[in-house]
Amino acid sequence: MSVVLFVVLALAPGDPFSELATNPNVPPEVQAALRAKFGLDDPIYLRYLHWIVAMAHGDWGFSFVSRVDVDTLILQRLPTTLYVVGSSQLLALLIAIPVGVYAATRPYSLFDQLANTFAFIGFSLPTFLTGILFILVFSVKLDWLPFVYTSVPGSGIPWVLEMIRQAIMPVMVLGLFQAASMTRFVRSAMLDVIRLDYVTTARAKGLGQAKVIVKHVMRNAMIPVVTLIALQMPAVFGGAIVTEQIFRIPGIGSLLISSILANDTPVVMAVTFVFACLVVLFNLIADVLYGWLDPRISFR
């Protein structure tokens with residue numbers, strides 16, 4: 001993954017110092033010295049070796065645009081992304097699991113039809129559209145919520161309330177979008193399991209409906225849902241790029257976009273590489289959870 005990412009970024013047009021070539025105030029010898037200092041004129045394989053060795057020693061590089069270390073820059077943005085995007089993931093789970101389970105226990109009922117309708121609407125509308133609609137309704141029309149996420153000075157309960165107030169819209173936009181697709185997955189997985197023979201046997205033994213659903217159906221039905229959640233969890237680090245741009249959230253997603261536009265390669269490389277590693281890590285965690293959810297999957 002690191003090789004592919006590094007080569008793609010190295011072959012992309014432009015570099016962090018490309019604008020120096022058009023700046024008459026920077027002498028050519030200064031340009032050459034800076035490029036030599038950061039190894040931008042070295043062969044790709046040599047630059048990759050320098051980068052991978054530095055990463056192994058905990059040196060993520062230096063941001064040419066922000067003039068700070070990359071790890072410091074990421075750590076400055078990470079709390080905001082974890083707060084906003086993490087809250088949206090939690091909201092999605094709190095909505096999707098109970099709605100999907102209840103809809104599967106009453107298939108084709110009015111509740112099931114309404115849940116399916118809203119789920120289709122939810123994941124059919126892109127977040128940039130729902131984000132703009134939320135801003136028009138709750139910020140412009142009703143003037144209830146701020147439409148720009150800013151760092152609020154202060155402390156105590158008023159500060160906490162203001163932080164919650166300005167995070168409501170981005171969390172709702174992301175959470176409802178993710179909950180819509182998760183609801184469909186939960187409902188489908190529950191319906192696949194609820195018709196199996198062992199569930200009928202559990203009911204025939206006299207177990208109550210709630211115990212059958214929670215103990216016998218949900219545990220096995222959660223396997224595909226765990227896969228979906230595991231694939232979405234790295235987004236908590238990567239940030240919701242579109243939503244962060246709409247609400248001007250100073251998170252990892254907006255940092256990645258601004259770094260790409262500014263050809264700040266060390267930042268782009270660090271964020272994308274960590275994101276790729278998180279995808280692999282959470283897939284491994286999902287595989288481990290499969291064995292806990294269904295002992296038949298465990299390695300013997």
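In this chain, residues are counted from 1 in sequence order.
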Backbone of [Y] reached by a side-chain donor or acceptor of [X] within 3.5 Å:
X	Y	result
S188	F185	no
Y83	M163	yes
T130	T127	yes
S63	V68	no
Q166	P146	no
T81	I252	yes
Q178	A92	no
R195	L191	yes

Where do [X] and [Y] come nearest, in terms of heavy atoms and distance?
X	Y	answer
A104	I194	O-CD1, 4.3 Å
I249	T243	CD1-O, 4.3 Å
Q113	T117	O-OG1, 2.7 Å

Step through the shown structure and confirm whether more than 12 heavy atoms of other residues, nucleotides or ligands are within 6.0 Å of CG on L261.
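Result for CG/L261: enclosed.
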Counting only heavy atoms from other residues, nucleotides and ligands, does the tally under 6.0 Å from OH of Y198 exceed 12?
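For Y198, atom OH is crowded (more than 12 foreign heavy atoms under 6.0 Å).
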Give a yes or no on whether [X] and [Y] share a hydrophobic cluster (residues Ile, Leu, Val, Met, Phe, Trp, Tyr; joining criterion: side-chain heavy atoms under 4.5 Å apart).
X	Y	result
M169	W144	yes
L142	V173	yes
M172	F118	no
L94	V186	no
L145	V137	yes

Going by the side chain to side chain contact (heavy atoms under 4.5 Å, CB included) test, name the single residue among V70, L73, D69 that passes it with W60.
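When side chain to side chain contact (heavy atoms under 4.5 Å, CB included) is applied between W60 and each of V70, L73, D69, only V70 qualifies.
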For a side chain to side chain contact (heavy atoms under 4.5 Å, CB included) with M218, tell me which candidate from V225, V193, I97, V212 qualifies.
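Answer to the side chain to side chain contact (heavy atoms under 4.5 Å, CB included) test with M218 among V225, V193, I97, V212: I97.
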Over 60° means perpendicular and under 30° means parallel, so classify the ring planes of F111 and Y102, tilted if in between.
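Answer is perpendicular, since the angle exceeds 60°.
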Aromatic plane relationship, F273 with W51 - under 30° parallel, 30 to 60° tilted, over 60° perpendicular
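W51 vs F273 ring planes: perpendicular.
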Examine the side chains of N283 and D287 and answer whether a donor and an acceptor come within less than 3.5 Å of each other.
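No, D287 and N283 have no side-chain donor paired with an acceptor closer than 3.5 Å.
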